Amino acid sequence: MPMGHTAAQQAGTGGLTATEHRLANGLRVVLSEDHLTPVAAVCLWYDVGSRHEVKGRTGLAHLFEHLMFQGSAQVKGNGHFELVQGAGGSLNGTTSFERTNYFETMPAHQLELALWLEADRMGSLLTALDDESMENQRDVVKNERRQRYDNVPYGTAFERLTAMVYPEGHPYHHTPIGSMADLDATSLEDAREFFRTYYAPGNAVLAVVGDIDPERTLAWIEKYFGSIPAHDRKQPPRDGALPDVIGEQLRQVVREEVPSRALMAAYRLPHDGTREADAADLALTVLGGGESSRLHNRLVRHDRTAVAAGFGMLRLAGAPSLGWLDVKASAGAEVADIEAAVDEELARFALEGPTAQEMERAQAQLEREWLDRLATVSGRADELCRFAVLFGDPQLALTAVQRVLEVTPEEVRAVAQARLRPDNRAVLVYEPTGPQTAGSEESGATEGAMAQEADVQEQETAQ
């Protein structure tokens, strides 16, 4: 049976608990009971993402995520989707810079099925991986790149800014989608070697949350995962350390067929898992988190030079996090005027910090977002995996809300002063090649783009 466990402390967890276990082959298991509804979530994080890729093989982590849905020893073709959905469940997988995850939410009495399916592909995917499935999913991923990046307005903005903020040779220089050339160059043997290297029990964390019997759940996990051989071929990712500040303002002007002028910028921010990262998150929430934010009030309501303005944070553990500014201009507005107003607001914030009302509102907003994630069985399973993989301790997920509420206004002001400055950003200016068509409808498009980037450009598997 699994060896050892620890339980979360009650203080600061809102009554949520989790127990940790480890199988003999190295698989870490986290369980959290929640009998409010008769459902259970299974979340499996592998410690591999685009930061582990090498030059010439970008996009391999995401491509392989797709291949994981192409069948295994006991489940042929599209069977994983068919079995889960036929049992009343939902499922998907995503890839980011720092991990790849797979997840199912099932009626509680179908939990064993989800565990068996995940174990079967962890232990036996190579028996089903062939040229046909490789070519099929290569085409799917290339088409995804066309639809979500290359052929949509502003689609490559995040990719361009990432490449500027993280220099050539840095493990975060490229985004998870990868390049068309590298996708074409990836061979079946590359994919097989990728599986042998990273898809091992000791390189994964399995979280099960919901209406579960822990003893029975552990018995199923041991039954299905325990026989998978342990192996450790993984090399640590390349060092992602960079200076806190870029040291200059990097800039590109892009002339494309887009609806309106746009100003986008990316700032280097503190690593995730630090108090400074929480302070930075609060700063960006005050400045650009919704219609009550400073930048929205200044640019959209007062100056009327923009139809939408947002400021979000991409939290990263292995490299500096990213502050992502996205402003879509009103018809006829000049980007230079927008940029001057943004700099004025950032300078004032760095000098004065947030007001008491802004601080209270920002903390409440982040608290609500955290509680929303922890309130669902799938969201809690994902957060338990995240803190286990990236920070070594899943229990930190249960106290994250409290840490945000402990940040002081002076800490928020200090991180803004240190990081939200012109010599610490990459700037992207979009100039339309045709007539500008910006209007009120553009706000919704901008919010969608911001949500996409805040989600780390995660690639979702399509059936």
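A quick note: this is a predicted structure, and the numbers were derived from the prediction, not measured. Heavy-atom basis, side chains included; hydrogens, waters and symmetry copies ignored. We're numbering straight along the sequence, starting at 1.
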- Determine whether the side chains of S32 and R380 contain a donor N or O and an acceptor N or O closer than 3.5 Å. yes
- Distance from L117 atom CG to Q110 atom CD, nearest 0.5 Å? 10.0 Å
- Query: Do any N or O atoms from the side chain of H173 and from the backbone of A163 form a donor-acceptor pair under 3.5 angstrom?
  - Reply: yes
- Can a cation-pi geometry be assigned to R121 and F69, taking NZ or CZ under 6.0 Å from the six-membered ring centre and within 45° of the ring axis? yes
- Query: Around atom CZ of R233, are there more than 12 heavy atoms of other residues, nucleotides or ligands at under 6.0 Å?
  - Reply: yes
- Close side-chain approach of H52 to F194, heavy-atom, < 4.5 Å: no
- Starting from the C-alpha separation in whole Å, work towards a yes-or-no answer on side-chain contact (heavy atoms from CB on, under 4.5 Å) for L287 and L420. CA-CA 11 Å; L287 289 164; L420 301 181; 3.6 Å; yes
- Task: Find out whether D372 and E369 are in side-chain contact, i.e. whether some heavy atom of one side chain is under 4.5 Å from a heavy atom of the other.
- Result: no
- Side chain to side chain, Y149 and I177, heavy atoms closer than 4.5 Å: yes
- Message: Centre-to-centre under 6.0 Å for W324 and F158, is that the case here?
- Response: yes
- Message: Run the salt bridge (Lys or Arg N to Asp or Glu O under 4.0 Å) test on D150 and R145 for me, step by step, so that the C-alpha distance in whole Å, both residues' side-chain angles and the decisive distance to 0.1 Å come before the verdict.
- Response: CA-CA 6 Å; D150 297 336; R145 178 176 175 98; 3.1 Å; yes
- Note on the structure: Between L113 and A87 the two heavy atoms that sit nearest each other are CD2-CB, 3.9 Å
- Is the backbone of V140 close enough, under 3.5 Å, to the side chain of H66 for a donor and an acceptor to pair up by distance? no
- Message: Would E406 and R275 count as a side-chain contact (heavy atoms from CB on, under 4.5 Å) here? Give the steps.
- Response: CA-CA 9 Å; E406 291 171 354; R275 191 176 176 100; 4.1 Å; yes
- Message: Taking atom CD as the centre, does E132 end up with more than 12 heavy-atom neighbours from other residues, nucleotides or ligands that are less than 6.0 angstrom away?
- Response: no
- Student check: side-chain heavy atoms of Q147 and V152 closer than 4.5 Å: no
- Message: Counting C-beta onward and ignoring hydrogens, is there a side-chain heavy-atom pair between R315 and T274 closer than 4.5 Å?
- Response: no
- For the residue pair S260 and P432, what are the closest heavy atoms and their distance? C-CG, 3.6 Å
- Message: Does R138 form a salt bridge (Lys or Arg N to Asp or Glu O under 4.0 Å) with D184? I'd like the steps, not just the answer.
- Response: CA-CA 8 Å; R138 191 202 311 270; D184 283 333; 5.3 Å; no
- Item | K76 side chain to A73 backbone, donor-acceptor under 3.5 Å | yes
- Message: How long is the straight-line distance from OG of S187 back to CG of L60, given to the nearest 0.5 Å?
- Response: 9.0 Å
- Note on the structure: Nearest heavy-atom approach of I212 to P214 is O-CD, 3.5 Å
- Identify the two heavy atoms, one from G240 and one from P171, that lie closest to each other, and give their separation to 0.1 Å. CA-CG, 4.1 Å
- Please walk me through it: do V427 and V429 pass side-chain contact (heavy atoms from CB on, under 4.5 Å)? CA-CA 7 Å; V427 176; V429 175; 4.0 Å; yes
- Item | Nearest-0.5 Å distance that lies between atom CD in E168 and atom NE2 in H174 | 10.5 Å
- For the side chain of R368 and the backbone of Q363, is there at least one donor-acceptor N/O pair under 3.5 Å apart? no
- Query: Counting only heavy atoms not in R216, do more than 12 fall under 6.0 Å of its CZ?
  - Reply: no
- Item | R28 vs L206 side-chain heavy atoms within contact, under 4.5 Å | no
- Hey, mind stepping through E53 and R238 against salt bridge (Lys or Arg N to Asp or Glu O under 4.0 Å) and telling me if it holds? CA-CA 9 Å; E53 296 165 351; R238 289 168 291 144; over 6 Å; no
- Query: Between the side chains of Y224 and E112, does any donor sit under 3.5 Å from an acceptor?
  - Reply: yes
- Message: Donor-acceptor pair, distance only, cut-off 3.5 Å: does the side chain of D120 make one with the backbone of Q74?
- Response: yes
Donor-acceptor contacts, no H, no angles, side chain residues 263-271, under 3.5 Å, sequence neighbours left out:
residue, atom, partner, partner atom, Å
Y267, OH, R425, NH1, 2.9
R268, NE, V165, O, 3.3
R268, NH1, P243, O, 3.0
R268, NH2, V165, O, 2.9

- Query: Would you say the side-chain atoms of N203 pair up with the backbone N or O of Y198, donor to acceptor, closer than 3.5 Å?
  - Reply: yes
- Message: With heavy-atom distances below 4.5 Å as the criterion, would you say the side chains of E383 and R386 are in contact?
- Response: yes
- Task: List the steps and the verdict of side-chain contact (heavy atoms from CB on, under 4.5 Å) for F387 and D393.
- Result: CA-CA 6 Å; F387 280 92; D393 185 0; 6.0 Å; no
- Query: Would you find a donor on one side and an acceptor on the other, under 3.5 Å apart, between the side chain of T100 and the backbone of V48?
  - Reply: yes
- Message: Has N25 got a side-chain atom pairing as donor or acceptor with L27's backbone, closer than 3.5 angstrom?
- Response: yes
- Task: Using the side chain to side chain donor-acceptor pair (under 3.5 Å) rule, pick out the option among T186, D182, T175 that qualifies with T58.
- Result: D182
- Step by step, work out the side-chain hydrogen bond (donor to acceptor under 3.5 Å, both in side chains) result for Y172 and E98. CA-CA 9 Å; Y172 293 69; E98 299 184 318; 2.6 Å; yes
- Task: Show your reasoning for whether side-chain hydrogen bond (donor to acceptor under 3.5 Å, both in side chains) applies to D130 and S133.
- Result: CA-CA 6 Å; D130 56 19; S133 59; 3.0 Å; yes
- Query: Which heavy-atom pair separates P176 from S96 by the least distance, and what is that distance?
  - Reply: CG-C, 3.7 Å
- Message: Using the rule given for side-chain hydrogen bond (donor to acceptor under 3.5 Å, both in side chains), can you reason through E82 versus H80, listing the C-alpha separation, both sets of side-chain angles and the distance that settles it, and then say yes or no?
- Response: CA-CA 6 Å; E82 293 169 355; H80 195 114; over 6 Å; no
- Message: Donor-acceptor pair, distance only, cut-off 3.5 Å: does the side chain of D47 make one with the backbone of V389?
- Response: no
- Task: Measure the shortest side-chain to side-chain distance between M122 and L44 over non-hydrogen atoms and say whether it is less than 4.5 angstrom.
- Result: yes
- Message: Run the salt bridge (Lys or Arg N to Asp or Glu O under 4.0 Å) test on R160 and E256 for me, step by step, so that the C-alpha distance in whole Å, both residues' side-chain angles and the decisive distance to 0.1 Å come before the verdict.
- Response: CA-CA 14 Å; R160 293 172 185 268; E256 287 184 355; 3.4 Å; yes
- Message: If only side-chain N and O atoms count, and only distance matters, is there a donor-acceptor pair under 3.5 Å linking Q395 with E20?
- Response: yes
- Message: Check whether D190 reaches the backbone of R57 with its side chain - one donor and one acceptor, N or O, closer than 3.5 Å.
- Response: no
- Name the one of V84, V39, V377 that satisfies side chain to side chain contact (heavy atoms under 4.5 Å, CB included) with M106? V84
- Query: Looking only at side chains, do T94 and R99 share a donor and an acceptor under 3.5 Å apart?
  - Reply: yes
- Query: Who passes ring pair (Phe, Tyr, Trp, His ring centres under 6.0 Å) against Y46, sequence neighbours left out?
  - Reply: Y102, Y199
- Query: Taking the inter-plane angle between the rings of H170 and Y166 on a 0 to 90° scale, is it parallel (under 30°), tilted (30 to 60°) or perpendicular (over 60°)?
  - Reply: parallel
- Which heavy-atom pair separates D211 from T37 by the least distance, and what is that distance? CB-O, 3.4 Å
